[in-house]
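Heads up, the thing below is written out as structure tokens.
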Amino acid sequence: MVSIMRRGYGRSGGGFSESLRPACDYLPAVRAASDDIIAAVASLRNEPWVDAEHVVLLGHSVGGLTAMAVAGQNVPGVVGAVNFDGGRNSSSAPNQPCSPDHLVDTVAALGRTARIPMLWLYAENDQFYGPDLARRMFAAYSAGGAPAQLQMLPPFEPNGHNTVVLALADTWFPSVDPFLEKLGLPTRTVIGAPLFAELPIPPGAVAACQAAFADYLANPDDAKAFAMSAGGHCGTGFGRTVLEAREPALMKCKINSRGEDCRLYAVGQKLAGD
């Protein structure tokens, strides 16, 4: 498995290319995102350890919408794609989110040319793209003949949008397994993926922050940060890059601690300063 970082994400080079200009115009942004994935797939297919004719894409959130865009271009070697809670949020003005209709229209445009099989998975309590919107998007995507199937996953924690990120694989993989098997791909684990770093719980952390740090460790994202205050309060931050994650972590820590001084405790998979 390979994790592809689009421009402006993680440690990838180049500037962020997916800004919405104007706001709510999703299609150009998702086309730019798909260009990065297509270029990466083309490069990977030249590697001797890659099965160049059996590539499957998996994308979450904006990555799921990007997977739809790639499927719409029927890229050589790509035989299937899995969309985990795909979509994109934006604001047309402060506190005025874009109409879901823009997202449905974008998905419809992507589906008109897609002929690569897709599996869509959405949690019943996704706070960004709930069941009604997920079904609207799916109907629009498949209306043009795109081969796809939609499955709703059970609720997970307060926001099911994080299911694939935080839940055990047993929660969602039973839905993916038959899809991969139908594509003629192996599903048995041959080599187990290495575990993420086991970092110590922050000394003096209150109970809520001990639980928050456990969630932090369980999240495989590398662009994350965890901040602690002297009184044991904390804040977690995420972003497209590690640098973007630091500020919200410190800000949330300061809010949660009611103004105490906060310092970064962990950044990515390491303790701060390591």
Side-chain angles (χ1 to χ4, degrees), residues 1-16 18-19 33 58-64 84-85 87-89 91 123 125-128 155-173 191-274:
M1 180 178 287
V2 175
S3 178
I4 299 173
M5 295 288 114
R6 307 192 302 276
R7 282 171 287 175
Y9 287 86
R11 301 174 186 173
S12 65
F16 183 60
E18 302 170 27
S19 298
L58 296 89
H60 171 244
S61 195
V62 176
F84 292 100
D85 299 281
R88 178 159 181 169
N89 283 324
S91 295
N125 68 327
D126 189 313
Q127 300 302 308
F128 302 135
F156 174 74
E157 293 191 347
N159 185 358
H161 190 71
N162 298 320
T163 297
V164 70
V165 178
L166 299 178
L168 295 174
D170 292 346
T171 305
W172 52 265
F173 191 74
I191 300 176
L195 296 173
F196 293 106
E198 296 183 6
L199 304 180
I201 295 174
V206 300
C209 288
Q210 293 180 27
F213 191 67
D215 290 340
Y216 175 89
L217 293 179
N219 190 321
D221 197 338
D222 215 29
K224 61 182 181 179
F226 194 88
M228 286 293 303
S229 76
H233 300 283
C234 60
T236 306
F238 297 93
R240 293 197 308 269
T241 66
V242 169
L243 288 176
E244 284 191 5
R246 295 181 182 191
E247 184 176 346
L250 290 167
M251 179 182 67
K252 290 176 184 177
C253 175
K254 197 169 186 67
I255 293 172
N256 293 338
S257 65
R258 299 181 183 273
E260 294 179 2
D261 288 336
C262 293
R263 294 185 178 182
L264 291 172
Y265 177 76
V267 177
Q269 308 296 337
K270 300 179 180 179
L271 295 178
D274 284 0

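We use all heavy atoms of the structure for the numbers below, so side chains are in, but hydrogens, waters and symmetry mates are not. By convention here, the first residue in the shown sequence is residue 1. All of these numbers come straight from a predicted model, not from anything done at the bench.
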Atom pair [atom1]/[atom2] of [X] and [Y] - distance to nearest 0.5 Å:
| X | Y | atom1 | atom2 | value |
| --- | --- | --- | --- | --- |
| N256 | K252 | CG | NZ | 9.0 Å |
| C253 | M251 | SG | CE | 11.5 Å |
| T236 | K224 | OG1 | NZ | 9.5 Å |
| M228 | R263 | CE | CZ | 12.5 Å |
| D221 | H60 | CG | NE2 | 10.5 Å |

Item checked: Nearest heavy atoms of A223 and A245, plus distance in Å -> O-CB, 3.6 Å
Next item on the list: For residues T163 and A123, report the shortest heavy-atom separation together with the two atoms involved.
Entry: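 Nearest heavy atoms, T163 then A123: OG1-CB, 3.8 Å.
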For residues 166-173, run the donor-acceptor check on the side chains, cut-off 3.5 Å, and write out each pair with its distance to 0.1 Å, sequence neighbours left out.
| unit_1 | atom_1 | unit_2 | atom_2 | d |
| --- | --- | --- | --- | --- |
| T171 | OG1 | L168 | O | 3.0 |

Should [X] and [Y] count as side-chain neighbours, where that means a heavy-atom distance under 4.5 Å?
| X | Y | answer |
| --- | --- | --- |
| C234 | S229 | no |
| K254 | L250 | no |
| F128 | N89 | yes |
| F84 | L58 | yes |
| F226 | L199 | no |
| N162 | E157 | no |
| Q269 | D222 | yes |

Name every donor-acceptor pair, under 3.5 Å, that has one atom in a side chain of residues 209-217 and the other anywhere in the protein, sequence neighbours excluded.
| unit_1 | atom_1 | unit_2 | atom_2 | d |
| --- | --- | --- | --- | --- |
| Q210 | NE2 | A205 | O | 3.0 |
| Y216 | OH | G268 | N | 3.1 |
| Y216 | OH | G268 | O | 2.8 |

Next item on the list: Show your reasoning for whether side-chain hydrogen bond (donor to acceptor under 3.5 Å, both in side chains) applies to D126 and H161.
Entry: CA-CA 5 Å; D126 189 313; H161 190 71; 2.9 Å; yes
Note to self: Does atom CD (E247) have a neighbourhood of more than 12 heavy atoms from anything else shown, all under 6.0 Å?
What the structure shows: no
